[in-house]
Engineer: 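Can you keep this structure in mind? I'll have questions shortly.
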Amino acid sequence: MINKLLQSATARLEAAGIESARLDAEVLLAHVLNCRRLYLYVDAAKNVSPAQATRFESLIMQRAEKIPTAYLTGQREFMGLNFAVTPDVLIPRPDTEILVQYAIENLSALKGDVTFADIGTGSGAICVSILKYVKNADAVTVDISEDAINCAKFNAEKFGVDDRLKFYVGNLFEPLRGQKFHAIISNPPYIPTSDLATLQEEVKREPKIALDGGDDGLNFYRRIIEEAPNFLCEGGFLAVEIGINQASAVKNLLTKHFTDIKILRDLAGIERVIAAIF
Ligand code: GLN
């Protein structure tokens, strides 16, 4: 019975130290049954097939080993869109929606066709959702991981924006020489290397190259802020996600070439995005 299955799976995940035990059990069972979570309640008294039970059991065992739920289901919702994710990419975070919303508002305010670059695409959550919501935009996106680019391509096709997006495998701006954009958007790796060992077990399952920002976590901001002026139209903007307590250091890096520096907080009140005009 669905009800009983969920109860025992929740108890096992709790015992394994998973905070969101009930939610994760529901998400995984809904995934196996290919239904919405709501139906787990509507159909609480129904039985599942033996094959479904075995599949659910295997997912609960993996979740108890701290494998992120999104890697088990192969998907995560971001900006109202259900993105495909693989262990090759960072799982999109709700905090990053602040960056995307800023980009959507400010690109929409520009007249005519607009073009932006997303540096470090991962799943493509950032560039694909901006393109989905800003119809007069096109974009390029770069990632050093070919597997990430493949995941981003899949998502661009899934949401029908692949005709407005170019993909490059490469190191930051390197494949973009000679191109100019109205905006540069990035959620670069920003965790200080020495903090990596202290991250949640689930986060340790995510690609280290998507997280490791070097000794002080700021390596990618230095490089992006130094190079961005070569790739921005005058009056264009740079918007990046930042980690906890990084706002003032990143702001200092920006003051040389940028004006109108804005810091946006996430829902927890943490400074999460910094944006500036070139
Ligand atoms: N927000 C992620 C975390 O805290 C880090 C993402 C990144 O380094 N860009 O786990």
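First listed ligand is number 1; within each ligand, the first listed atom is number 1. The structure presented is a predicted model; accordingly, all values stated were derived computationally and were not measured.
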Engineer: Measure from NZ or CZ of Lys153 to the centre of the six-membered ring of Phe167, then state whether that distance is under 6.0 Å and the direction lies within 45° of the axis.
Structural biologist: yes

Engineer: Identify the protein heavy atom lying closest to atom 4 (O) of ligand 1, giving its residue, its atom name and the separation to 0.1 Å.
Structural biologist: Ile191 CD1, 4.1 Å

Engineer: Would you find more than 12 non-hydrogen atoms of other residues, nucleotides or ligands less than 6.0 Å from Lys180 atom NZ?
Structural biologist: yes

Engineer: Atom SG of Cys233 and atom NE2 of His182: how far apart are they, to the nearest 0.5 Å?
Structural biologist: 4.5 Å

Engineer: Phe116 and Phe181: aromatic ring centres closer than 6.0 Å?
Structural biologist: no

Engineer: Near Asn187, which atoms of ligand 1 are under 4.0 Å from a heavy atom of that residue?
Structural biologist: 7 (C), 9 (N)

Engineer: Please state which option from Pro188, Gly217, Gly243 has its nearest heavy atom closest to atom 7 (C) of ligand 1.
Structural biologist: Pro188

Engineer: Under 3.5 Å, is there a donor-acceptor pair linking the side chains of Arg223 and Asn171?
Structural biologist: yes

Engineer: Mind checking whether Gly213 has a heavy atom under 4.0 Å from ligand 1?
Structural biologist: no

Engineer: Is Leu90 close to ligand 1, meaning an N/O of one under 3.5 Å from an N/O of the other?
Structural biologist: no

Engineer: Just need the protein heavy atom nearest to atom 8 (O) of ligand 1, so name the residue and atom and give the distance.
Structural biologist: Tyr190 N, 3.0 Å

Engineer: Which atoms from ligand 1 have a heavy atom of Leu211 less than 4.0 Å away?
Structural biologist: 5 (C), 8 (O)

Engineer: Starting from atom 3 (C) of ligand 1, which protein heavy atom do you reach first, and at what distance in Å?
Structural biologist: Arg93 NH2, 3.6 Å

Engineer: Determine whether the aromatic ring centres of residues Phe237 and Phe258 are separated by less than 6.0 angstrom.
Structural biologist: no

